[in-house]
There are 2 protein chains.
Amino acid sequence: MQTTLFKSVGIAGIGLIGGSLAKDLRTFGLVGRILGWNRTLSHAERALELGLVDETLPTLEALVDASELIVLATPVDILVKTLPAILDRLRPGQVVIDVGSTKQAIVEAVAQHPNRKQFVACHPMAGTEKSGPDAAVENLFRNRFTLLINPAESDPELLCRVSSMWSQVGAVLATMSAQEHDQTAALLSHMPHVLAYALLRTIKEAERNQALNARFAGGGLASMTRIAHSPISMWRPIFKQNKVALLDAIDTFIKHLSIFREVIAKDDDERLSELMK
Amino acid sequence: MQTTLFKSVGIAGIGLIGGSLAKDLRTFGLVGRILGWNRTLSHAERALELGLVDETLPTLEALVDASELIVLATPVDILVKTLPAILDRLRPGQVVIDVGSTKQAIVEAVAQHPNRKQFVACHPMAGTEKSGPDAAVENLFRNRFTLLINPAESDPELLCRVSSMWSQVGAVLATMSAQEHDQTAALLSHMPHVLAYALLRTIKEAERNQALNARFAGGGLASMTRIAHSPISMWRPIFKQNKVALLDAIDTFIKHLSIFREVIAKDDDERLSELMK
């Protein structure tokens, strides 16, 4: 039997992640009322139309005041800017989570905040290249990791309720430090996104120079450039906030790619086979 | 109404491409008997078990002698080695096609062959990372390009029948020179494969150094490394045969990636947005 974990949830940013979470929270009966706010008004209206939320609120402040659980699903630059003021407004018993892809900047931004314990930093490792309320899908988090970051900095009882929520929408939980998270995310997600963007750019430039007709591409290219269709407004701030680890990951990749290049240039079949294993 | 284009087809290499073509040729009633040969005997047996072929033959020579249309779906190093001897054996009216991913080496290998006109060089831009007869699927070629290479070097009537076959299994046809093909394939397929292998290598090394736990990866990494699970025996010879164009494509990619790196390092938001567009 499912139990209602939060009487009301307010979702700031009702796109792919926020909207998908709203769907599951409703399906599994984990929350009472679902409220929404979105910087882009048309997205808020669309979320209401799709039934993702019961009501939209005109400001982030109103959303915060009206919600027991506040889910911040905005781009990470906006997150870092808004979280301190959100924590300022909290009453006891309220809890804020984020779902951002970078963690050091956000935990540093609120490290000394008196209400720090009411914030749980989360990163569900799920998503697609789509965005906006229409991209919301059911079961997005099922069997995917949701990482809980610097868990000791959150109130244990609130942490338990947030963990329970993620578990009940099917996520597999793991904890790590913000630093470990950002290095992991740089290698597993942020750097691969840069590769996809750079690959798409390489192909587009060759097309522009009429060296190539990209319509001949097979499925491999599509699968390698899929994530380069993710929204710029979301990814540019991620690259910026995780710059140090990201540049390091790019350099590591270039080192490995250069080894492949050298081995191919030398016709070193044996070593090439080893590298491809 | 479909008509039988070839009384018998012999498929050398009954894996993903050869097996999928066999399925479609049968489904659409385009050929009479389907014969098979495979260097790996267990694959030939499995293809028979799956009903991909009506009969397997013990040698490539026996397959060639018994088939009106011969489809060579072996790795490209074996292709280049075997095609001249296959052309030696041909009787009038027989036609050989290949489905290899590189084209300059193969057309050069038979450029002066007296039976050159009985060979049509083909490259269906379709596939997955899977291999072997169990990877064969229906409609693999539907709505995907099949490139016909140096078409003027083939007998026009045989070229027409081969074109008709590809069209009837749903492929979209285009023609180009071997050189243009290899440059296009280097950029759209071979270089992206090297990136996928290098990315997988980067992640595996980080895991080995315990800097990372790759099980936290989301769908983006999976989609970018999918094609790195393609068989080495197929891809290593492709890299080798298309070395010049491939190294050039890798260098072009590294140039573009380095621009991204620099723009991220400099926090040049405006330029980064332009590059990501």
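Here is how names work: the chains are called A, B, and so on, in the same order as the sequence lines, proteins then strands, and each is numbered from 1.
- Interface remark: A:Arg261 contributes backbone and side-chain atoms alike to the contact with chain B (heavy atom separation under 4.5 Å).
- Contact tally against chain A (heavy-atom pairs below 4.5 Å) for B:Met176, B:Gln183, B:Arg201: the top residue is B:Arg201.
- Within the 4.5 angstrom heavy-atom criterion, atoms from both the backbone and the side chain of B:Leu187 approach chain A.
- Atom-to-atom distance recorded for A:Glu205:CD and B:Lys255:NZ is 7.0 Å, nearest 0.5 angstrom.
- Using a 4.5 Å cut-off between heavy atoms, A:Leu195 touches chain B through backbone and side chain atoms alike.
- Using a 4.5 Å cut-off between heavy atoms, B:Ile264 touches chain A through backbone and side chain atoms alike.
- Of the listed residues (A:Ile259, A:Leu199, A:Val244), the one with the most heavy-atom contacts under 4.5 Å to chain B is A:Leu199.
- With a 4.5 Å cut-off on non-hydrogen atoms, A:Ala126 does not touch chain B at all.
- Both the backbone and the side chain of A:Thr184 come within less than 4.5 Å of a heavy atom in chain B.
- Considering OH of B:Tyr197 and CE of A:Met276, their distance stands at 3.5 Å, rounded to 0.5 Å.
- Contact detail for B:Leu188 and A:Ala217: the closest heavy-atom pair is CD1-N, 3.6 Å.
- Around CZ of B:Arg39, the count of heavy atoms belonging to other residues, nucleotides or ligands within 6.0 Å does not exceed 12.
- Contact of A:Leu247 with chain B is made through backbone and side chain together, with heavy-atom distances under 4.5 Å.
- Using non-hydrogen atoms only and a strict 4.5 Å limit, the part of residues 129-154 of chain A facing chain B consists of A:Arg144, A:Phe145, A:Leu147.
- Using non-hydrogen atoms only and a strict 4.5 Å limit, no part of residues 97-106 of chain A faces chain B.
- At a 4.5 Å heavy-atom cutoff, the contact between A:Lys277 and chain B is made by backbone and side-chain atoms alike.
- Below 4.5 Å, heavy atoms of chain B meet heavy atoms from A:Ile232, A:Trp235, A:Arg236, all part of residues 228-236 of chain A.
- Among A:Lys243, A:Lys204, A:Met125, the residue with the largest count of heavy-atom pairs under 4.5 Å with chain B is A:Lys243.
- When the candidates A:Ala196, A:Ser189, A:Ser258, A:Ala249 are compared by the number of heavy-atom contacts under 4.5 Å with chain B, A:Ala196 comes out ahead.
- Contact of B:Asp269 with chain A is made through backbone and side chain together, with heavy-atom distances under 4.5 Å.
- Contact of B:Ser223 with chain A is made through backbone and side chain together, with heavy-atom distances under 4.5 Å.
- Contact tally against chain A (heavy-atom pairs below 4.5 Å) for B:Thr225, B:Leu212, B:Leu221: the top residue is B:Leu212.
- For the options B:Leu257, B:Ile227, B:Leu272, B:Val172, heavy-atom pairs under 4.5 Å to chain A are most numerous at B:Leu257.
- Among all heavy-atom pairs drawn from B:Met224 and A:Pro192, the shortest one is SD-O, 3.0 Å.
- The distance from atom OG1 of A:Thr202 to atom CE of B:Met191, rounded to the nearest 0.5 Å, is 5.0 Å.
- Within the structure, ring pair (Phe, Tyr, Trp, His ring centres under 6.0 Å) contacts touching residues 250-277 of chain A (residues at least two apart or in different chains) do not occur.
- Neither the backbone nor the side chain of A:Glu180 has a heavy atom closer than 4.5 Å to any heavy atom of chain B.
- Contacts of B:Leu200 with chain A are absent, with no heavy-atom separation under 4.5 Å from either backbone or side chain.
- Of the two parts of A:Glu274, only the backbone, made up of N, CA, C and O, holds a non-hydrogen atom closer than 4.5 Å to a non-hydrogen atom of chain B.
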